[in-house]
Structure formats: structure tokens, C-alpha cells
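Worksheet: the structure to be examined is printed underneath.
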Amino acid sequence: MITVSGLRKTYHARRREVVAVNDVDLEVRPGEIFGVLGRSGAGKSTLLRCVNLLERPDAGTVLVDGVELTALSDRKLRAARRRVGMIHQHFALLSSRTVAGNVAFPLEVAGVPRTQRSARVAELLELVGLSDRAGAYPAQLSGGQKQRVGIARALAAEPTVLLSDEATSALDPDTTRSILDLLLDLNRRLGLTILLITHEMDVVKRVCHAAAVMREGRFTESGPVSELLLTEGSELAAGLFPLPAVQTRQGETAFDVTVSGPAADEPLLSELVRELGVDIRLLGGGVETLAATRAGRLRLAVAGRGEDAAGFLRRRGALVTEVTR
Amino acid sequence: MTWSDISDLLWEGFQETAWMVGLSAVLTAVGGLLLGVLLVLTARGGLLAAPPLNALLGLVVNVGRSLPFIILLVAVIPFTRAVVGTTIGTTAAIVPLTIGAIPFYARIVETALREVPADVVSAAIAMGSSRRQIVGKVLLREARPALVAGLTITVIALVGYSAMAGVVGGGGLGDLAIRYGYQRFETEVMIATVVVLVVFVQLIQMLGDVVVRRLSHR
Ligand SMILES: Nc1ncnc2c1ncn2[C@@H]1O[C@H](COP(=O)(O)OP(=O)(O)OP(=O)(O)O)[C@@H](O)[C@H]1O
Ligand SMILES: [Mg+2]
């Protein structure tokens with residue numbers, strides 16, 4: 001649905017060159033929620049703004065729904081942009097327009113006649129649960145309500161793709177959850193493809209099917225969350241399941257054991273104990289339901305027969321890394 | 001001088017001032033908005049970025065703003081003749097008043113438009129807006145309260161400038177105060193004129209404030 005290849009964007013500021021996006025390839029499949037995770041300054045916003053060409057990349061191509069945006073004339077690009085919705089960290093609503101007026105904006109821009117506009121606006125406000133605030137001005141709304149207006153507006157022109165730039169970063173945890181639930185719901189009901197960027201691990205946990213970690217303009221890892229979890233040295237896995245420091249006793253071997261999918265719900269540990277007759281201690285970790293998969297990551301200390309234990313777990317589909325110190 | 005003489009003078013002066021200020025305010029609003037929008041659009045990184053043109057416009061505006069009004073009044077006389085056919089009288093005074101006020105208002109417009117948050121403009125571009133739509137539906141529309149507040153300041157400045165219009169026979173309240181109060185020591189006329197001017201300015205400010213309040217939804 002979104003295919004980005006060889007994307008590169010350099011800024012020239014005060015004789016200093018900043019390569020904000022450095023040779024990024026990205027593939028978001030139809031109906032998928034893809035999260036790009038990274039620290040401040042990693043180039044996430046620049047990447048997103050290159051997808052709808054708010055920024056012209058220096059190199060690379062962007063395809064959305066089969067159309068190569070990077071090859072379009074200005075006029076065609078304006079039309080193509082209407083098929084790509086976008087929501088913003090600080091909502092970016094027009095303060096001089098009511099809620100209904102804001103949602104109607106993209107329709108107005110596209111030349112939809114007034115009568116059709118108001119019907120569509122009512123439908124969208126219903127969808128985001130704000131029918132009763134149609135006549136309010138943005139200044140009279142809470143942050144969560146403003147973002148709902150932002151989402152309704154982004155969906156007005158029936159886009160196939162939604163881009164989200166830190167849409168929940170300005171919201172409290174409860175409101176964040178309700179906005180993420182709304183995005184998930186839209187993804188399921190409308191089959192909306194979503195590319196979102198965030199610096200919150202929790203967002204990836206709750207909504208993303210696939211993800212990438214971005215650092216200094218590059219993707220250091222990228223793929224379906226369930227696969228990244230089973231990838232040696234994955235930052236995403238480490239971030240999703242924080243583990244305590246390793247503390248082993250004499251004769252113990254410590255392992256990090258990651259499981260994803262059905263394996264996460266099998267009685268692996270008791271089988272291990274029964275099979276090998278070893279003692280194990282749980283140092284930390286957890287099992288969780290992510291948007292993408294059920295997954296678990298545990299830090300274990302095994303007393304004796306460490307190699308055999310690792311082998312057993314690997315055969316059962318777990319990623320096992322020795323971390324003894 | 002009787003009270004009835006004074007009130008006749010005041011009425012006449014008021015009409016002249018209102019005509020001069022009113023028409024030049026309308027022309028200034030149009031000219032200032034155009035120039036202000038151009039300043040924003042042609043700036044580096046703007047929607048129609050053209051830094052050399054922007055620098056030129058900036059220079060013109062600054063020259064206009066640095067010229068003392070009394071000098072401008074005389075300097076534009078040939079231009080005034082070309083436009084209105086005469087160089088003296090109330091209507092003739094409108095030309096220098098407008099020329100003096102446009103750069104002043106243009107800078108206010110420029111500042112007001114820059115206050116529209118960048119992410120709002122970028123959201124409008126992302127929704128497929130044309131440049132014309134961005135200027136009309138986003139920049140000017142979002143800046144409306146600031147544009148009206150700035151126009152109020154400009155109109156009041158015009159009331160002040162118009163006092164000097166006597167130099168080209170423009171008449172008006174300011175001229176009345178200078179001729180009777182200052183040159184002929186008719187203190188009552190001067191005081192009455194000043195009172196009328198104060199009330200006039202006060203009314204303009206109040207009207208401006210009311211409109212700003214109605215437009216503002218922040
Ligand atoms: N318009 C610009 N001009 C110059 N440099 C820029 C511009 N926009 C971004 N940069 C630089 O590009 C780099 C990436 O910025 P970007 O905004 O994409 O990061 P980000 O990952 O979105 O960060 P954050 O989480 O803080 O939003 C930064 O070093 C930034 O300073
Ligand atoms: Mg950012």
C-alpha cells in the first residue's frame with residue numbers, strides 16, 4: 001500500500017548538513033498498522049512528511065496505492081494527497097472553524113457540493129463520537145476531542161492510507177488509549193492502512209502489526225513485530241519487554257527466552273523442568289498480548305545443563321540468548 | 001465666536017476627516033493585505049518563494065515607513081495630480097495618506113499571517129489545498145482577528161496623519177485645531193476639536209475591539 005525505496009532527505013542549515021533520512025526502504029501492506037519508533041531527531045517526522053511529499057526527498061521513490069507520488073505534477077499531486085489522510089501531534093485544527101467546519105475542510109478543498117458535505121460530516125462525527133460537539137470551536141475541546149476531530153478530518157476524503165505523526169504524544173495515558181483504540185477500530189472496520197511514528201513503545205505494543213526502529217536517519221530493524229521479537233539483538237524486543245539486571249549464582253546459566261505466537265501460551269517452563277530435571281529461577285520478564293501477536297520474554301537462570309535447556313527451548317521455537325555474567 | 005459657529009466648523013471638519021480617513025482606510029486595507037500576503041508568500045521557504053522579490057518589497061515597505069509623513073505629503077504631489085487631477089483639497093490628501101499607511105499595515109498583515117501555526121498550513125497542504133485556498137481559507141481566515149486589530153491601529157494612525165492634511169488644503173479636524181487653536185488662539189475651538197477627535201478615536205477602537213472579539217475563537 002505504501003512502498004518507499006531508497007528515500008533520502010538532507011537539510012542544509014547554517015553550512016551544516018543534516019541527513020535526516022538516509023536511504024530508507026519501507027513497505028506497508030494493505031490493512032496493516034506500521035509503526036516507526038525512534039528517539040527525538042531520528043528523522044521520523046521527515047520520513048513521514050516525505051511520504052505525502054510535504055517534503056521533497058532528494059532521492060528515492062514513494063508509491064501509495066500503486067501511484068508513484070514522486071513522479072506526479074503539482075496538480076496531480078494535490079489530488080493524490082487527498083487519498084492520504086494525516087493526523088498531527090498538536091492536532092493542527094483551524095481555530096476559526098467549528099468542529100464541523102474543520103471536518104468539512106478537505107471536502108471543500110476537493111470541491112464536494114455543500115449538501116453532500118454536511119451529510120458526510122455528520123457521518124464522520126458519528127464515527128469518532130463527537131456528534132454533539134459539531135458546533136463547538138477547537139479551543140472549547142479537550143486534547144482527546146481535538147484529536148478525534150483531527151481523525152474525522154483526515155478520513156473525510158475517504159483516504160486509503162492514514163499517516164500519523166505522534167498523534168498521541170500530547171495526550172495523557174487514558175486519552176492515548178482511547179485514541180489508539182479508535183485507530184485500531186478504524187483499521188479493522190474500514191481496512192485503513194496506517195503508518196504511524198512514535199517514540200512510545202506502548203503505542204507499538206497496542207496497535208502495530210509491523211514496525212521499524214529508526215536511528216540517525218536509518219532503519220536499524222524493520223519487519224512484522226512477531227518476527228522482530230525473534231530476531232537476535234532486536235531493540236524493539238528489548239524495549240517491549242524490559243528486563244532486570246542479570247544476577248546469577250554459582251553454577252547457574254542465565255538466558256533470555258523470547259517466544260511469539262502460540263508458543264507464548266504453552267507450558268514451556270514446566271516441560272523444561274520435567275524433561276531435564278533442572279532447577280530454574282525466573283529473574284524477570286512477562287507475557288503480553290500485543291496487537292500483532294501473543295508474546296513473552298523471560299530472563300531465566302538455569303542451574304546446570306544450561307546447553308541442554310537452551311537446546312530444548314530452541315526446538316520449541318523460542319529465541320534463546322545466553323546472558324550469564 | 002458663538003457656539004453655533006464652532007459646531008458648524010466642527011461638523012465640517014469631522015466630515016472632512018471621516019471622508020479622508022474612511023476612504024484611505026479602505027484603500028489601505030486592500031493594498032496592505034495584498035502587499036502583506038506577497039511579503040509572506042515570497043519569503044524564503046514561502047509558498048511562492050522568491051527571495052530577491054521579497055527583498056525588494058521589504059525595501060519599498062521600509063522606505064515608505066521611514067519617510068516622515070509631512071515629507072511624503074509633499075513628495076507625492078506630482079503623483080497625486082496624476083491620480084486625482086488636483087493637488088489640493090480633501091480628496092487629494094487621500095493619496096498620500098494611503099501611500100503612507102499601506103506599508104505600515106502591510107507589516108502588520110505580514111506579522112499576523114506568520115502567526116498562523118506552521119503545522120496548520122502543512123495540514124492544509126497535506127489535504128490537497130491549492131495555494132489560493134491556503135491563502136484564502138487558512139492564512140487570511142485564521143489571522144482575521146489579528147488583521148482587524150491591526151487595521152484598527154492603522155485607522156487610528158490615519159486619524160493622526162490626517163491632521164497634517166491641512167498642508168495640502170485637506171481640511172479636517174486636525175487642521176481646524178491647528179488653524180484656530182494654535183494660530184489664532186481660539187482655545188475653545190481647539191478644545192472642542194480635541195474632544196471630538198478623542199471621541200472619534202475611542203469609537204474606532206471600540207468598534208475594532210467588538211469585531212475582533214466576534215472573530216476570535218482561540
Ligand atoms: N526544516 C528543517 N531544516 C533543517 N533541519 C531539519 C528540518 N527538519 C528537521 N531537521 C533535522 O532533521 C533531523 C530529523 O528531524 P525530524 O523532525 O525528522 O526528527 P524526529 O524523529 O521527528 O524527532 P522528534 O521525535 O523530536 O519529532 C533533525 O536533526 C532535525 O534537526
Ligand atoms: Mg517529529
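Residue numbers start from 1 in every chain, and the chains themselves are labelled A, B, ... in the order their sequence lines are given, proteins ahead of strands.
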Exercise. Chain A: which of Pro145(B), Ser122(B), Ser216(B) shares the most heavy-atom pairs with it under 4.5 Å?
Worked result: Ser122(B)
Exercise. Would a 4.5 Å heavy-atom cut-off, applied to side chains only, mark Asp74(A) and Arg131(B) as touching?
Worked result: yes
For this session: Between chain A and each of Ala123(B), Ala118(B), Ala126(B), count heavy-atom pairs under 4.5 Å; write down the option with the most.
Result: Ala126(B)
For this session: Taking all heavy atoms of Val120(B) and all of Leu93(A), pick out the closest pair and write down the distance.
Result: CG2-O, 3.7 Å
Exercise. Taking every heavy-atom pair that is under 4.5 Å apart, which of Ser96(A), Ala80(A), Gly85(A), Pro159(A) has the most such pairs with chain B?
Worked result: Ser96(A)
Problem set entry | Residues, nucleotides or ligands: over 12 heavy atoms within 6.0 Å of Gln15(B) CD | yes
Problem set entry | Region of Leu54(A) that comes under 4.5 Å of a non-hydrogen atom in chain B | side chain
Exercise. Distance from Ile125(B) atom CD1 to Leu53(A) atom CG, nearest 0.5 Å?
Worked result: 11.5 Å
Exercise. Which bit of His88(A) comes within less than 4.5 Å of chain B, counting heavy atoms only: side chain, backbone, both or neither?
Worked result: side chain
Problem set entry | Interchain contact, Glu142(B) with chain A, by part (heavy-atom threshold 4.5 Å) | both
Problem set entry | Atom pair CZ/CD of Phe105(A) and Gln133(B) - distance to nearest 0.5 Å | 6.5 Å
Problem set entry | Glu68(A) CD: over 12 foreign heavy atoms closer than 6.0 Å | yes
Exercise. Looking at Met86(A), Arg153(A), Arg78(A), Arg82(A), which one forms a side-chain contact (heavy atoms from CB on, under 4.5 Å) with Met127(B)?
Worked result: Arg153(A)
Seminar exercise, completed: By residue number, those in residues 135-148 of chain A with heavy atoms under 4.5 Å from heavy atoms of chain B are Tyr137(A), Ala139(A)
Problem set entry | Proximity of residues 91-109 of chain B to chain A, residues having a non-hydrogen atom under 4.5 angstrom | none
Exercise. Between Arg132(B) and chain A, which part of the residue has a heavy atom less than 4.5 Å away: side chain, backbone, both or neither?
Worked result: neither
For this session: Could you tell me whether the side chains of Ser130(B) and Arg75(A) share a donor-acceptor contact shorter than 3.5 Å?
Result: no
Seminar exercise, completed: Given Ala110(A), Pro106(A), Ala156(A), the one with more heavy-atom pairs under 4.5 angstrom with chain B than any other is Pro106(A)
For this session: Taking atom CD1 of Ile88(B) as the centre, report whether more than 12 heavy atoms of other residues, nucleotides or ligands fall under 6.0 Å from it.
Result: no
For this session: For atom CZ of Phe79(B), decide whether the heavy atoms of other residues, nucleotides or ligands shown that lie under 6.0 angstrom number more than 12.
Result: no
